[in-house]
There are 2 protein chains.
Amino acid sequence: MAVTIKDVARKAGVSISTVSRVINESKPVSPEARRKVIKAIDELGYRPNEIARSLVTKKSNVIGVIVDDIGSSYVAQIVRGIEEVGHMYNYDILLCSTYGDKEAEERFTQLLLQKQVAAIILLSEIYNEEVISYLKYASIPFVYLNKYYNVLESPTVRINNYLASKKVMDYLIKCGHKNIAYVTQEKDIELTVEKHKLQAYKDSMNELKQPQTIYKIDGHTITKGYEFGKKIEKDIRTNKITAVFCCDDEIAIGLINYCYDNDIKVPDAVSIVGYGNISIASYIRPKLTTIMEPYYDIGAVSVRKLSKILNNEKPEEETIELPVQLIVRDSVKDLDI
Amino acid sequence: MAVTIKDVARKAGVSISTVSRVINESKPVSPEARRKVIKAIDELGYRPNEIARSLVTKKSNVIGVIVDDIGSSYVAQIVRGIEEVGHMYNYDILLCSTYGDKEAEERFTQLLLQKQVAAIILLSEIYNEEVISYLKYASIPFVYLNKYYNVLESPTVRINNYLASKKVMDYLIKCGHKNIAYVTQEKDIELTVEKHKLQAYKDSMNELKQPQTIYKIDGHTITKGYEFGKKIEKDIRTNKITAVFCCDDEIAIGLINYCYDNDIKVPDAVSIVGYGNISIASYIRPKLTTIMEPYYDIGAVSVRKLSKILNNEKPEEETIELPVQLIVRDSVKDLDI
DNA sequence: ATGAAAGCGCTAACAT
DNA sequence: ATGTTAGCGCTTTCAT
């Protein structure tokens, strides 16, 4: 049987209140009593039961984290930020993965609520307004993270996608590219960040007075990017385009692999830029030039935001925007050289 | 204020016991009362407080998971297995990362114990006997996972590293390679799985009646593998070796990248084999031939093992060995063709 | 400074 | 079948 506060009290010859006071340093205790209590705790190897504790305090110092798939590398990086900074603020992490299941998001939200988590971070990849309404209704502090969709008004931490895409376009143009293609997504452009990224592309091409070449693909995987290679191959070989700006690192990497397998030299025959800076980006060859989404920081800032709310500090703006950086590597050729 | 079992009882006009009975289906309840209770639960949006529940039942259906770094891809895969199968068995996951800190392993173990987790899965990369002793002393069901070290006797799920290495060597030899090098680790060979992997290499080379070429490097990162390229470059160019068996995918990938950057064709100039099958392995070019460590399954089987223990089912063998597979891709050349 | 006692929300005897 | 009650391990009034 686990040792309880009673055992400590008995052994120390004091009341359980006194024991409670010394472990919480909540009220003054005589040095004499404190000494005895500490001794008893030591000898018995006593550790307060956090469950009992949070039942009475109604606080849990647990943050519920619902992600799409912890096996996904950017998700793991965000969770790393949540976890590491969370522990600095003394929060523990209760983790659930939904694997894109809409119902699971709501089910896990309920579950976490039942577990009395102090706050929730929901990292989603789908469009799901209900879960946000539910979260608001449950009036639990939360942060909603979604790489793709702009869902409702909700507290979130993200980057400015328009500015990020502009950065890419400016760089490509600086490198002398004129025939630049953009690879976007087929679905829900109006609802997703693609809306802003695409706008940045269009604005840039207009300024450049060049025709737009827009490809749409369905999905964010390396495999999809690879398959996409077949579609774009001709346009590359005929020099209709000299640079491809992919909405996703995965797609860019798939495309690079397709080029490698089909003897199209990157960046000599075609320049490729990604978006995200997932970890593989620097390991494939050529190394991928891309926009760095600060995943770790997104996680870190999310916890910090929640921590502030939980401590009733001054409420922040709902949306926090983090700076982005263009990571210049080897997948873009400077045509002026 | 959250709605409690009392509110439901009052609203339904029954006692709290009756409410408890219907939500737990623990004892028969008249259809009439059940109906009223369910109605009240619905109307109030009541959800039982899991904290209160586990305080009295002394069960928590939470599994504490301590990992080295959730940002590491194989770790994320194991956690994915734990998480997904865990939820099937109705367990939630409380996650902590140690980042290789020995003290953190023990601190988090204590923390999880205080949180009354039902069991612990410890995924470590260091040698730390104390934490195992502590886990045993705390008499909590646990599984100890360590990719590198063979630490003490402890319940674990792993692969047979000798057999896995043998598989690689057999394949390399089948492909006509004779001058095969093995890249192992500098540190703690006797304490780690390298002991068995190296033995398999030696046995194979002896059978082949070929001299052994063993390199030692310190670390498991892609960067280390890249740096190692400089050391081995001459031996490749002089054809002293035609194939390199790396103890780690990361090292193999680093080496492949070094070769790419220095115009050494893989696999034409040198064949390279990895170990682990991390996700990047199939995305780099050439695709890496490697041993697949079934990370997801290791996580999945670990939970299943714990679940059995927690349900007092027949105790299993302490060590579970999972099958390995050689994934043949493009980084090995068949010399006979 | 300390102890007694109430009570957090719930389950599980124990009664009826 | 249902209600009453004790108590899980703890914090926190409220007395003293």
Side-chain angles (χ1 to χ4, degrees), chain A residues 1-41 44-62 110-118 138, chain B residues 1-41 44-62 110-118 138:
Chain A
M1 213 44 228
V3 10
T4 76
I5 198 171
K6 271 190 193 164
D7 303 320
V8 177
R10 196 177 310 121
K11 180 132 189 169
V14 297
S15 74
I16 60 167
S17 329
T18 303
V19 177
S20 174
R21 277 160 197 147
V22 347
I23 57 185
N24 293 301
E25 301 186 33
S26 49
K27 283 202 173 176
V29 171
S30 72
E32 164 78 356
R34 150 165 284 110
R35 208 187 38 70
K36 284 191 294 184
V37 170
I38 292 181
K39 185 157 171 284
I41 288 179
L44 296 173
Y46 168 73
R47 299 286 140 196
N49 180 327
E50 287 291 336
I51 293 286
R53 218 177 221 184
S54 41
L55 179 60
V56 26
T57 61
K58 294 170 174 309
K59 287 185 190 148
S60 76
N61 81 312
V62 171
Q110 278 208 3
L111 209 102
L112 292 175
L113 250 21
Q114 287 187 226
K115 292 246 182 237
Q116 314 297 311
V117 297
Chain B
M1 213 43 230
V3 11
T4 76
I5 198 170
K6 271 188 192 166
D7 303 320
V8 177
R10 197 177 310 121
K11 178 131 191 168
V14 298
S15 76
I16 59 166
S17 330
T18 303
V19 178
S20 174
R21 274 159 200 149
V22 347
I23 57 185
N24 293 302
E25 301 186 32
S26 49
K27 284 203 173 177
V29 172
S30 73
E32 163 79 356
R34 150 166 285 112
R35 207 186 39 68
K36 287 191 293 185
V37 169
I38 292 181
K39 185 157 171 284
I41 287 179
L44 296 172
Y46 168 73
R47 297 287 141 193
N49 180 327
E50 287 291 336
I51 293 286
R53 220 178 220 183
S54 43
L55 180 60
V56 29
T57 61
K58 294 172 175 308
K59 287 185 189 149
S60 77
N61 80 311
V62 172
Q110 278 209 1
L111 210 102
L112 292 174
L113 250 22
Q114 287 187 226
K115 292 245 182 238
Q116 316 299 125
V117 297

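Letters A, B, ... are given to chains in the order of the sequence lines, protein chains preceding strands, and every chain is numbered from 1.
- Looking at A/Asn61 and B/Lys115, their side chains do bring a donor and an acceptor atom within 3.5 Å of each other.
- Listed by chain and residue number, nothing satisfies the side chain to side chain donor-acceptor pair (under 3.5 Å) test with B/Lys36 (two or more places apart in sequence, or in another chain).
- Taking CZ of A/Arg53 as the reference point, atom CG of A/Asn24 lies at 5.0 Å (rounded to 0.5 Å).
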**OP:** Quick one: do A/Ile41 and A/Val37 satisfy side chain to side chain contact (heavy atoms under 4.5 Å, CB included)? Show the steps, please.
**Re:** CA-CA 6 Å; A/Ile41 288 179; A/Val37 170; 3.8 Å; yes

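- Distance A/Gln116 CD to C/dG9 P: 9 Å, rounded to the nearest Å.
- Residues that satisfy the side chain to side chain donor-acceptor pair (under 3.5 Å) test with A/Ser60, not counting sequence neighbours, are absent from this structure.
- Of all the heavy atoms in A/Ala52 and B/Leu55, the pair that sits closest is CB-CD1, 3.6 Å.
- Following rounding to the nearest Å, A/Lys115 (NZ) and C/dC8 (P) show an atom-to-atom distance of 22 Å.
- Every residue meeting the side-chain contact (heavy atoms from CB on, under 4.5 Å) condition with B/Lys6, not counting sequence neighbours, appears here in chain and number order: B/Thr4, B/Arg10, B/Ile16.
- Between A/Thr18 and C/dG3 there is a side-chain N or O to OP1 or OP2 distance below 4.0 Å.
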I'd like a table of atom pairs between the protein and nucleotides 10-12 of chain D - only N or O on both sides, under 3.5 Å - with the distance next to each one.
| from | atom 1 | to | atom 2 | distance (Å) |
| --- | --- | --- | --- | --- |
| D/dC10 | OP1 | A/Tyr46 | OH | 2.6 |
| D/dC10 | OP1 | A/Asn49 | N | 2.9 |
| D/dC10 | OP2 | A/Ile5 | N | 2.4 |
| D/dT11 | OP1 | A/Asn24 | OD1 | 3.2 |
| D/dT11 | OP1 | A/Asn24 | ND2 | 2.9 |
| D/dT11 | OP1 | A/Arg53 | NE | 2.7 |
| D/dT11 | OP1 | A/Arg53 | NH2 | 3.4 |
| D/dT11 | OP2 | A/Ser20 | OG | 2.9 |
| D/dT11 | OP2 | A/Asn24 | ND2 | 3.4 |

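- Comparing the start and finish of the helix from C/dA1-D/dT16 to C/dT16-D/dA1, five pairs each, the helix axis swings through 40°, to the nearest 10 degrees.
- Judged by distance alone, with hydrogens and angles left aside, the side-chain atoms of A/Gln114 form no donor-acceptor pair with the main-chain N or O of A/Leu112 at under 3.5 Å.
- Residues from residues 27-34 of chain B placing a heavy atom under 4.0 Å of any atom in DNA chain D, listed by number, are B/Pro28, B/Val29, B/Ser30, B/Ala33.
- Nucleotide C/dA12 holds its P atom 14 Å from the CD atom of B/Glu25, rounded to whole Å.
- Among all heavy-atom pairs drawn from A/Ile5 and A/Tyr46, the shortest one is N-CE1, 3.6 Å.
- The stretch residues 7-15 of chain B has no heavy atom under 4.0 angstrom from DNA chain C at all.
- Legend: residues meeting side chain to side chain donor-acceptor pair (under 3.5 Å) with A/Ser54, ordered by chain and number and at least two apart, are absent.
- Under the salt bridge (charged side-chain N to carboxylate O under 4.0 Å, His left out) criterion, B/Arg21 pairs with no residue at all, not counting sequence neighbours.
- When the P atom of C/dT11 is taken as reference, atom CD1 of B/Ile51 falls 13 Å away, rounded to whole Å.
- When the salt bridge (charged side-chain N to carboxylate O under 4.0 Å, His left out) test is applied to B/Lys59, no partner is found at least two apart in sequence or on another chain.
- With rounding to whole Å, B/Leu55 atom CG is found 12 Å from C/dA12 atom P.
- Evaluation of the salt bridge (Lys or Arg N to Asp or Glu O under 4.0 Å) test over residues 24-34 of chain A, restricted to residues two or more places apart or in two chains, returns A/Glu32-A/Arg35.
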